[in-house]
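Everything below concerns the one structure shown next.
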Amino acid sequence: MKILVINCGSSSFKYQLLDMNSDKVMCSGLVERIGEKVGSLTHKKDPGTDIERKINEESPFPDHTAGMTRVMALLTDPVLGVIKDLSEIKGCGHRTVQGGEEFTQSTLITDEVLEVIQRLSPLAPLHNPAAIQGIRVIMKLLPNCPSVAVFDTEFHTTMPSKAYMYAVPYEFYEKLRVRRYGFHGTSHAYVAAKAAEFLGKKQADVNVITCHLGNGCSISAVKGGKCIDTSMGLTPLAGVIMGSRCGDIDPAILIYLARQTGMSIEKIDDTLNRKSGLKGVCGFNDMRDIHTACDKGDEKAELALNMFCYSIKKYIGSYYAVLGRVDALIFTAGIGENDSLVRELVCADMEGLGISIDLAANAARSSAIRDISGKGGKVKALVIPTNEELAIAKSTLQVLEGKKPDSDL
Ligand code: ADP
């Protein structure tokens, strides 16, 4: 059984074809700069293996259909392809950022479902229209292949109202749907399930704090397999400090900026989303560049690193209080999986909470799930590589097979 996974942006998309009998990624790729004079495509057959074959193409892709058409040709290419015929693809899973309160689980796409996703677009103006575009292209190019929407928000729909409501006039919620939704749900769900498996326990018996630290960063409190709170909010701008997003700030800063500088809403939006976070403080948004700068004595880089780790630590503390008992603290995504110094700084001085890490285990590099806990710590500190594409493919398969999606991935 082969499932195609699409993660579509406004001028790019990523794809993976997975063999669900073995969970193996048969091929993966990225099409970028759609609509520009020259676009680019990277396609990898057997990615990450000894027999990986990779091509890069530069060519114009006037729209998503053109890019996807080229991908379809590559999937069946005699040399770079992995299937003989497109009919071998039994379903397509689409990463869809905003599912609102309407979608509490992954859903087979119909015209009605598309309409609802469209209606939710004001809540995710960059993401939902892009996902819709991807869905429409696949429906056109693979008319017999069912499409499934897998929502970033669905894992967080179990949050209680006291966690998702904001203390603003109630009608903002009723009329404008202003509430916390949370994002990166597929990743939080995946690593929380993997942690239970790693600990040899049922998900229902395990409480975890999941730290997804990539370009975007979010933290979730997961009680017995269900999300009870998460750091991102109405949008992915909230929560911990991120590469170029500010995370939690005093909302009055926006008002102050507008009054003092006359900045427009668009300018404030752009500044807080793209010019803030680590980048705003020190000029770098990639953690690897920050470490290099720190090694050269760059004080702003040092400050950005310390602010980042401190903001994560504060969330861990508050979610510890919310959960009451924590079995594991999980690090995942680009920074979470690779950055031992960030993990060390985040976990420093938390012995009182039963959290400590073993420096040697923490420093060892590996792509496997690993326990980096210090001796005697009652909370396991785990590094769990996330795999959002596999999670999306599994959800897609469950929907197609008519099984109720759950987080027992
Ligand atoms: P996304 O959120 O876009 O999926 P990733 O999860 O791939 O991103 O994370 C990307 C980020 O991870 C990069 O911006 C970089 O800061 C960080 N990163 C990747 N590799 C390393 C590394 N070896 N050490 C420190 N940070 C890393």
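Given the structure is predicted, the values throughout are model-derived calculations rather than measurements. Indexing begins at 1, ligand by ligand and atom by atom, following the structure's order.
Distance from atom 23 (N) of ligand 1 to its nearest protein heavy atom, with residue and atom name: Asn338 CB, 3.3 Å. Scanning all protein heavy atoms for the shortest distance to atom 16 (O) of ligand 1 gives Met287 N, 2.8 Å. Looking only at protein heavy atoms, the nearest one to atom 6 (O) of ligand 1 is Gly334 N, 2.9 Å. Here the heavy atom of the protein found nearest to atom 19 (C) of ligand 1 is Arg288 CZ, 3.5 Å. Counting protein heavy atoms only, atom 3 (O) of ligand 1 is closest to Asn215 ND2, 2.9 Å.
Ring pair Tyr173/Tyr164 is tilted by interplanar angle, where 30° to 60° counts as tilted.
Taking 4.0 Å as the cut-off between side-chain N and carboxylate O, Asp358 and Lys375 do not count as a salt-bridged pair. Residues Lys267 and Asp269 are not paired through a salt bridge, judged by the lack of any N-O separation under 4.0 Å between the basic side chain and the carboxylate. A salt bridge links Glu102 to Arg177: at least one charged side-chain nitrogen sits closer than 4.0 Å to a carboxylate oxygen. In summary, Glu101 and Arg179 engage in a salt bridge, as defined by a charged side-chain N under 4.0 Å from a carboxylate O. Salt-bridge check for Glu57 with Arg70: passed, with a basic side-chain N closer than 4.0 Å to an acidic carboxylate O.
In this structure, Gly243 falls outside the shell of residues with a heavy atom less than 4.0 angstrom from ligand 1.
For ligand 1, none of its N or O atoms has an N or O atom of Ala333 under 3.5 Å away. In terms of polar-atom proximity, Gly214 is not counted as a contact of ligand 1, lacking any N or O under 3.5 Å from an N or O of the ligand. Between His291 and ligand 1, no pair of N/O atoms sits closer than 3.5 Å.
Enclosure of atom CD in Glu299 is not indicated, since only 12 or fewer non-hydrogen atoms of other residues, nucleotides or ligands lie within 6.0 angstrom. Within a 6.0 Å radius of OH in Tyr166, more than 12 heavy atoms belonging to other residues, nucleotides or ligands are found.
Taking a cut-off of under 4.0 Å to the non-hydrogen atoms of Gly216, the atoms of ligand 1 that pass are 2 (O).
Between atom 13 (C) of ligand 1 and the options Ile335, Asp339, Leu341, Asp286, the minimum heavy-atom separation is to Asp286.
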